[in-house]
Protein chains: 2
Amino acid sequence: MLESNKPKDCQNLCNDFHSTIEFLGKRWMGIIIYSLFKGPKRYHEIMENIPGISDRLLTERLRDLEKEGLIVKRILPTPKRKVEYELTQSGKKLEDVFLTIVAWTQAKNES
Amino acid sequence: MLESNKPKDCQNLCNDFHSTIEFLGKRWMGIIIYSLFKGPKRYHEIMENIPGISDRLLTERLRDLEKEGLIVKRILPTPKRKVEYELTQSGKKLEDVFLTIVAWTQAKNES
DNA sequence: TATATAACTTACTAATAGTAAGCTTAAATA
DNA sequence: TATTTAAGCTTACTATTAGTAAGTTATATA
């Protein structure tokens, strides 16, 4: 997904930016990642953290994130089926990006 | 737009992040802003910079950006109708965010 | 006068998101 | 033992958003 739909005549910087923002910008994507910064979470915990999201889309986004290597899914061998999602190293590094976005939003709302 | 659809039980940081990413994450939004970092551009110049975008969506996004105060539209009094779009102070400050995204993408692609 | 270009607008189709219901496995409770 | 409840999905369908194609207005040039 990060590979497809590349604009053809803009530079590399622009390509890097475009592919990433089109992926991270899909509905709910950002906030799903955001909710995992504090540590691994179970499916229904993520749902509870994100009012308004549907289970269908949550599943779809989690698959996208797995495919891109930003999260890992772990099925725990505990009684009562337990599935956990955790950010990979790559995923965790997005925290910088997210903090910059929050800072920008706050600066904007103050002025 | 930055105001609507707020999740109810996540903290302020999370609200700030959510509203902003849902706005910036709309299709083509990021790359339109990106293309204006180098300075004001005319409608068709933006189009030429962003292969794949349609004129309908470009117009729609430019209106959204105006409404949020991230760009200004300027109709120049030159012969041959000339319209220019320029980032506001708020808009220009997004460059930090964007550079962090590019840096993250490059780090990811290298590893 | 005919054609071209800039910057849109409108109408319509295709893709993506949202809603609602159902499925499966296991544990908890009656 | 039978029934209910919960987690983690899947499927089918509707609504919203994006993409495509054509039309509009005003000036400019051949």
Side-chain angles (χ1 to χ4, degrees), chain A residues 1-2 4-8 18-19 21-33 35-36 40-68 71-86, chain B residues 1-8 18-19 21-33 35-36 39-68 71-86:
Chain A
M1 179 35 123
L2 285 174
S4 60
N5 256 124
K6 275 188 200 162
K8 271 159 214 127
H18 181 72
S19 55
I21 198 92
E22 290 284 298
F23 179 79
L24 294 182
K26 288 177 137 183
R27 202 129 198 235
W28 307 108
M29 193 63 101
I31 204 161
I32 291 169
I33 298 168
S35 81
L36 291 172
K41 277 216 176 68
R42 300 179 65 181
Y43 185 87
H44 71 279
E45 289 175 321
I46 303 174
M47 283 274 285
E48 283 155 21
N49 260 263
I50 309 175
I53 196 173
S54 65
D55 50 359
R56 194 181 73 77
L57 264 265
L58 177 55
T59 302
E60 202 170 305
R61 290 294 115 91
L62 289 170
R63 297 297 156 268
D64 293 343
L65 287 165
E66 261 187 288
K67 231 170 51 185
E68 279 301 323
I71 61 169
V72 280
K73 176 180 181 170
R74 200 173 294 123
I75 300 169
L76 301 171
T78 49
K80 196 124 189 160
R81 190 162 43 143
K82 195 168 167 180
V83 181
E84 241 185 32
Y85 295 92
E86 183 171 18
Chain B
M1 180 35 123
L2 285 174
E3 291 303 343
S4 60
N5 256 125
K6 274 187 201 164
K8 272 158 213 126
H18 182 72
S19 54
I21 197 90
E22 291 284 300
F23 179 77
L24 295 182
K26 287 175 140 185
R27 202 132 197 230
W28 306 109
M29 195 61 102
I31 205 159
I32 290 170
I33 298 169
S35 82
L36 292 172
K41 279 217 173 66
R42 301 178 63 182
Y43 185 87
H44 71 280
E45 290 174 320
I46 303 174
M47 282 276 282
E48 284 154 21
N49 261 263
I50 309 178
I53 197 172
S54 65
D55 49 359
R56 195 182 71 77
L57 263 265
L58 176 55
T59 302
E60 203 170 305
R61 290 295 114 91
L62 289 170
R63 297 297 157 267
D64 293 343
L65 286 164
E66 262 187 287
K67 232 171 50 186
E68 279 302 321
I71 61 170
V72 279
K73 176 178 181 169
R74 199 174 295 123
I75 300 169
L76 301 170
T78 50
K80 191 122 190 164
R81 189 160 45 140
K82 195 169 167 179
V83 181
E84 240 182 32
Y85 295 93
E86 184 172 17

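None of the values given here were measured: they were computed from a predicted structure. Within every chain, numbering begins at 1; the chains are lettered A, B, ... in the order of the sequence lines, protein sequences first and strands thereafter.
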With a 4.5 Å limit on heavy-atom distance, are the side chains of A:L62 and A:K73 in contact? no
Once rounded to the nearest 0.5 Å, what's the spacing between atom CH2 of A:W28 and atom OG of A:S54? 8.0 Å
Which whole-number value in Å describes the distance from B:M47 CE to C:dT5 P? 14 Å
Just the rounded figure in Å: distance from C1' of D:dT27 to NZ of B:K82. 14 Å
In whole Å, I'd like the distance from the CG atom of A:L58 to the P atom of D:dG8. 10 Å
If you restrict it to nitrogen or oxygen atoms, what contacts under 3.5 Å exist between nucleotides 15-18 of chain C and the protein, and what is each distance?
{"residue": "C:dA17", "atom": "OP2", "partner": "A:R61", "partner atom": "NH2", "Å": "2.8"}
{"residue": "C:dA17", "atom": "N7", "partner": "A:R56", "partner atom": "NH2", "Å": "3.4"}
{"residue": "C:dG18", "atom": "OP1", "partner": "A:R27", "partner atom": "NH1", "Å": "2.5"}
{"residue": "C:dG18", "atom": "OP2", "partner": "A:W28", "partner atom": "NE1", "Å": "3.0"}
{"residue": "C:dG18", "atom": "N7", "partner": "A:R56", "partner atom": "NE", "Å": "3.4"}
{"residue": "C:dG18", "atom": "N7", "partner": "A:R56", "partner atom": "NH2", "Å": "2.8"}
{"residue": "C:dG18", "atom": "O6", "partner": "A:R56", "partner atom": "NE", "Å": "3.2"}
{"residue": "C:dG18", "atom": "O6", "partner": "A:R56", "partner atom": "NH2", "Å": "3.4"}

Considering residues at least two apart in sequence or located in another chain, which fulfil the side-chain contact (heavy atoms from CB on, under 4.5 Å) criterion with B:D64? B:F23, B:K26, B:M29, B:R61
Please check the phosphate of D:dA7 (OP1 and OP2 only) for any side-chain N or O of A:K41 closer than 4.0 Å. no
Starting from C1' on C:dA6, measure out to CD on B:E45 and report it in whole angstrom. 11 Å
With sequence neighbours left out, what residues match B:E84 under side-chain contact (heavy atoms from CB on, under 4.5 Å)? B:P40, B:R42, B:R74, B:L76
Contact check, side chains of B:Y85 and B:L65, non-hydrogen atoms, under 4.5 Å: no
Please name the residue in the list B:I53, B:I50, B:L36 that meets the side-chain contact (heavy atoms from CB on, under 4.5 Å) test with B:I31. B:I50
Starting at atom OH of A:Y85, determine the distance to atom P of D:dA7, rounded to an integer number of angstrom. 14 Å
Distance check needed: C:dA26 C1' versus A:H44 NE2, whole Å only. 15 Å
Shortest side-chain distance from A:T59, nucleotide among D:dC9, C:dA6, C:dC8: D:dC9
Taken to the nearest whole Å, CG/A:D55 to C1'/D:dT11 is 11 Å
What is the distance, to the nearest angstrom, from the CZ atom on B:F23 to the C1' atom on D:dT17? 15 Å
